[in-house]
Amino acid sequence: MDLDKETLRTLINKAMEMRRFAYVPYSKYSVGAALLSSDNTIFTGCNVENAAFTPSNCAERTAFFKAVSEGVRKFKAIAVSAGPEGEDSTDYASPCGVCRQVMTEFCNPEDFLIICVKNKDEYKIFKLKELLPDAFGGEAINTTVIKQQ
Ligand code: THU
């Protein structure tokens, strides 16, 4: 699955922009995400932290849960941007393991693209299966599988 240049650019820009909304009083590390659904809608997200720490939510999962809670379950790609709060990012963002697991629930590992953004001109694109090989999925527990690809 290829993304056209304009869509790629839009996802990168939106992921970078979304860092401004991150609520990160504890880590001071802001993350933004832009998730593209199969019907070409973009759902954005940022990380939202909590004083009790475990209720905190990553930017990627914020974007996924916004989409799924609006009835959208099929996706093409996500862009992620991260760095110290209030500063331009200087390194490639990389989704945490929990977010990779959530991606696995809804995305085809062969097709779904993860765009790890450093800045608007520097980014790396991975397939989900590269970032979470041999993933644990619903098939393993012999239940109804949500994947629709
Ligand atoms: N974080 C994300 O939002 N996405 C990731 O994939 C990695 C980590 C957030 C969680 C926490 O608010 C902060 O970054 C520091 O771990």
Side-chain angles (χ1 to χ4, degrees), residues 1-3 7-38 40-138 140 145-149:
M1 212 273 303
D2 282 329
L3 287 177
T7 305
L8 180 62
R9 177 70 35 221
T10 301
L11 288 174
I12 290 170
N13 286 341
K14 282 190 181 286
M16 291 174 66
E17 284 167 18
M18 283 304 292
R19 287 185 58 214
R20 79 167 63 192
F21 296 128
Y23 175 72
V24 289
Y26 306 104
S27 73
K28 317 264 189 223
Y29 184 79
S30 60
V31 186
L35 173 65
L36 180 68
S37 69
S38 294
N40 296 317
T41 304
I42 295 176
F43 294 87
T44 56
C46 63
N47 51 339
V48 182
E49 296 184 347
N50 188 280
F53 286 17
T54 52
S56 301
N57 205 48
C58 290
E60 299 91 319
R61 279 179 287 142
T62 301
F64 267 89
F65 296 158
K66 281 169 71 176
V68 174
S69 66
E70 292 183 22
V72 178
R73 294 179 179 176
K74 292 170 77 176
F75 304 99
K76 292 181 183 172
I78 191 168
V80 190
S81 169
E85 186 181 27
E87 296 175 23
D88 291 340
S89 61
T90 56
D91 210 348
Y92 295 98
S94 183
C96 80
V98 173
C99 289
R100 294 177 196 198
Q101 183 66 31
V102 168
M103 293 172 195
T104 295
E105 187 71 23
F106 296 104
C107 306
N108 183 334
E110 310 272 342
D111 286 346
F112 186 71
L113 300 179
I114 299 168
I115 305 150
C116 299
V117 179
K118 181 172 175 182
N119 57 50
K120 67 183 175 53
D121 299 313
E122 292 178 282
Y123 51 86
K124 295 178 188 171
I125 304 182
F126 298 95
K127 288 183 176 165
L128 176 56
K129 73 170 181 193
E130 296 178 275
L131 295 192
L132 193 61
D134 297 325
F136 179 80
V145 176
I146 297 169
K147 283 184 198 134
Q148 294 172 358
Q149 280 91 355

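These numbers were taken from a predicted model, which means no experiment stands behind them. Basis for what follows: all heavy atoms, side chains included, without hydrogens, waters or symmetry-related copies. For reference, positions follow the sequence shown, starting with 1. One-based numbering, in listed order, for ligands and for the atoms of each.
Annotation for Thr44 and Lys14: closest pair CG2-CD, 4.2 Å, computed over non-hydrogen atoms. Considering every non-hydrogen atom in both Cys46 and Thr62, the closest pair reads O-OG1, 2.9 Å.
For atom 1 (N) of ligand 1, the nearest protein heavy atom lies under 4.0 Å away.
Considering backbone and side-chain N/O atoms, Ala59 comes within less than 3.5 Å of an N/O atom of ligand 1. Checking only distances, Cys96 does come within under 3.5 Å of ligand 1, N or O to N or O. Taking any N or O of Asn57, backbone or side chain, none lies under 3.5 Å from an N or O belonging to ligand 1.
Among all non-hydrogen protein atoms, the one lying nearest atom 16 (O) of ligand 1 is Tyr29 CD2, 4.8 Å. Looking from atom 9 (C) of ligand 1 to the surrounding protein, the closest heavy atom is Asn47 ND2, 3.4 Å. Nearest protein heavy-atom neighbour of atom 8 (C) of ligand 1: Cys58 SG, 3.9 Å.
Against a heavy-atom cut-off of under 4.0 Å, Glu49 is close to the following atoms of ligand 1: 11 (C), 12 (O), 13 (C). Atoms of ligand 1 lying under 4.0 Å from at least one heavy atom of Ser27, given by number and element, are 13 (C), 15 (C). Close contacts of ligand 1 with Glu60, meaning ligand atoms under 4.0 Å from a residue heavy atom, involve 2 (C), 3 (O), 4 (N), 5 (C), 6 (O).
Residue contact check for ligand 1: Ser94 places a non-hydrogen atom closer than 4.0 Å to it. Remark: distances from the non-hydrogen atoms of Pro95 to ligand 1 include one below 4.0 Å.
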What verdict does the side-chain contact (heavy atoms from CB on, under 4.5 Å) test give for Thr10 and Ile42, after you've listed the backbone C-alpha separation in whole Å, the side-chain angles of each residue and the deciding distance to 0.1 Å?
CA-CA 9 Å; Thr10 301; Ile42 295 176; 3.7 Å; yes
As a quick check of understanding, evaluate side-chain contact (heavy atoms from CB on, under 4.5 Å) for Val80 and Glu60, giving each step before the final call. CA-CA 7 Å; Val80 190; Glu60 299 91 319; 3.6 Å; yes
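Side chains of Asn108 and Lys74: no donor on one and acceptor on the other come within 3.5 Å.
Taking the six-membered ring wherever Trp is involved, the centroid distance between the rings of Phe112 and Phe75 does not fall below 6.0 Å.
A cation-pi contact links Lys124 to Tyr92, judged by a cut-off of 6.0 Å to the six-membered ring centre and 45° from its axis.
Using a 4.5 Å heavy-atom threshold, the side chains of Asn119 and Asp88 count as separate.
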